[in-house]
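Predicted model, so just to flag it, every value in this text is computed and none were measured. The figures here come from the full heavy-atom set of this structure, side chains too, leaving out hydrogens, waters and symmetry mates. Throughout, a chain's letter reflects where its sequence line sits, starting with A, and its residues are numbered from 1.
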Number of protein chains: 2
Amino acid sequence: MAKETRLRILKAAQLAFSEKGFNGVSVEEIAEMAGVNKAVVFYYFPSKADLFAAVWEQSISELEEHIFEEIKDESVYLKKVKKFLKSYIDFVRNKRDIMKLIEREKVGVLSEKNDSIISRKLKEKYKNFVKKIVDLLNEGKELREIPNEVSAEETANIITNSIGATIFDPNISLENMEKIILRTITK
Amino acid sequence: MAKETRLRILKAAQLAFSEKGFNGVSVEEIAEMAGVNKAVVFYYFPSKADLFAAVWEQSISELEEHIFEEIKDESVYLKKVKKFLKSYIDFVRNKRDIMKLIEREKVGVLSEKNDSIISRKLKEKYKNFVKKIVDLLNEGKELREIPNEVSAEETANIITNSIGATIFDPNISLENMEKIILRTITK
DNA sequence: GATTAATCTTACCACCTGGTTAAAAATTAG
DNA sequence: CTAATTTTTAACCAGGTGGTAAGATTAATC
């Protein structure tokens, strides 16, 4: 066992939180799923909230890396933005549990009420991800590929909030989503 | 007191659930907010889940009625769809707690694996609301005001998931959102 | 092989949870 | 005014919660 234990707990927590949400799952459940004793969880993570923080940061990172790694070599803007949407959709399809976690906990993370250092960091993490999309869109405006009346912040908001939500409605076609979004941002 | 007690509990629960989510709030908390004894809550609602169900159904109804009441007299399609967006935005602005509740619990309601009669009804309630938007959009396609390549289901998905989410980001301009959505659905 | 450090287990705790019960208070009906 | 009914109260319960303490086991260091 030894060193991979922490990772097993993280993975189990990711799945558990994605299925039942932070408040819907107990540390004992997570421990069972990871095949470890409950106290071991607290050995590796000071509290349930800290465990969640670790899961959140890792989940956003995975999404972020998956999307932006694939488009970084593309220099033709329109191709880049198309690749961006494709890889976003790809992530929703293949990493359903991570996407579900993000969708489920987004509200709790962004909800302004709690202002502890830990929750401010989680908020930051997510906002930073969105900002990268805003930057991508602004790049297109500078290149005159995206019309000026399409504001980047709001478009990024539309993209992030509507693509992820599709996992809760099996009838939604991601291809149609892609088509509509592309239609919206291009002339 | 007497008959209005039930309503006070409902209102308190609506606020409580919107702020902390179903699992994040206890029945005792709700009771305190409503100014009643905890047992009174169980006197009016058989269980916490039933209380939530009542809150959910009422919240969706309020949103639904607010939006569709205002547009039912409009016969010019483009005006109707513009009014629709305006009243949607109006609701987000003025009924923040209800919107927050819907945004927060949407995931839980839609992804509930347990197919109990109660949770199936909640899912149904929300899907029915979305369907009304789909119908509105399809009406526009029949009237040739909305292009065929803009699929109604996916557009409704975009609208419902992105407008509501704005409450968690104070920097998002609802007017810009409106502009973008209008741009998307019209030629 | 002994010492030290890292990891894991068992047992426990105080508190909170949704929910119940039986009786008291308030309201309504006769 | 009294009896029946509705509404509210306080006290309680069994099970679960996040979290802790102390010791046992394993692994690393000398």
For nucleotides 10-13 of chain D, print each protein N/O atom paired with a nucleotide N/O atom at under 3.5 Å, atom names and distance only.
none

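- The CD1-C1' distance, from I9(B) to dT7(D), rounds to 11 Å in whole Å.
- In this model, the phosphate group of dC8(C) is not approached by any side-chain N or O of Y43(A) to a distance below 4.0 Å at OP1 or OP2.
- The interatomic distance linking F42(B) (CZ) with dT9(D) (P) rounds to 15 Å, in whole Å.
- Per the geometry, CG belonging to L51(B) stands 15 Å off C1' belonging to dT17(C), to the nearest Å.
- Distances shorter than 4.0 Å separate some side-chain N or O of S26(B) from OP1 or OP2 on dT17(C).
- The CZ atom of R8(A) sits 12 Å away from the C1' atom of dC8(C) (whole-angstrom rounding).
- Nearest heavy atom pair, residue R183(B) against residue P147(A), reads NH2-CG, 3.5 Å.
- Close to dC8(C), at under 4.0 Å from its OP1 or OP2, lies a side-chain N or O of Y44(A).
- Side-chain proximity of V40(B) to dT9(D), dT20(D), dG18(C): nearest is dT9(D).
- Within the structure, a side-chain polar atom (N or O) of T5(A) is placed less than 4.0 Å from OP1 or OP2 of dC8(C).
- The backbone N or O of K72(A) lies less than 3.5 Å from no partner atom in the side chain of K83(A), so there is not a single donor-acceptor pair.
- For the pair F45(B) CZ and dG18(C) P, the interatomic distance rounds to 15 Å; values are reported in whole Å.
- K127(B) places no side-chain N or O within donor-acceptor distance of the main-chain N or O of L110(B), the cut-off being under 3.5 Å.
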Give every donor-acceptor pair under 3.5 Å between a side-chain atom in residues 23-35 of chain B and any protein atom, sequence neighbours left out.
from: S26(B); atom 1: OG; to: E29(B); atom 2: N; distance (Å): 3.2
from: E29(B); atom 1: OE1; to: S26(B); atom 2: N; distance (Å): 3.3
from: E29(B); atom 1: OE2; to: K20(B); atom 2: NZ; distance (Å): 2.8

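- Remark: side-chain polar atoms of S151(A) are not paired, donor with acceptor, to backbone N or O of E153(A) under 3.5 angstrom.
- dG16(D) atom C1' lies 13 Å from atom NZ of K48(B), rounded to whole Å.
- Computed from coordinates, the E28(A) CD to dC13(C) P distance equals 17 Å when rounded to whole Å.
- Atom CG of N23(A) and atom C1' of dT17(C) are 12 Å apart (whole Å).
- Y88(A) contributes no side-chain N or O that, together with a main-chain N or O of L63(A), makes up a donor-acceptor pair within less than 3.5 Å.
- Within the nucleic acid shown, V25(B) comes within 4.0 Å of sugar-phosphate atoms alone, with no base atom in reach, counting heavy atoms only.
- Residues meeting the side chain to side chain contact (heavy atoms under 4.5 Å, CB included) test with D90(A), sequence neighbours left out: H66(A), N94(A).
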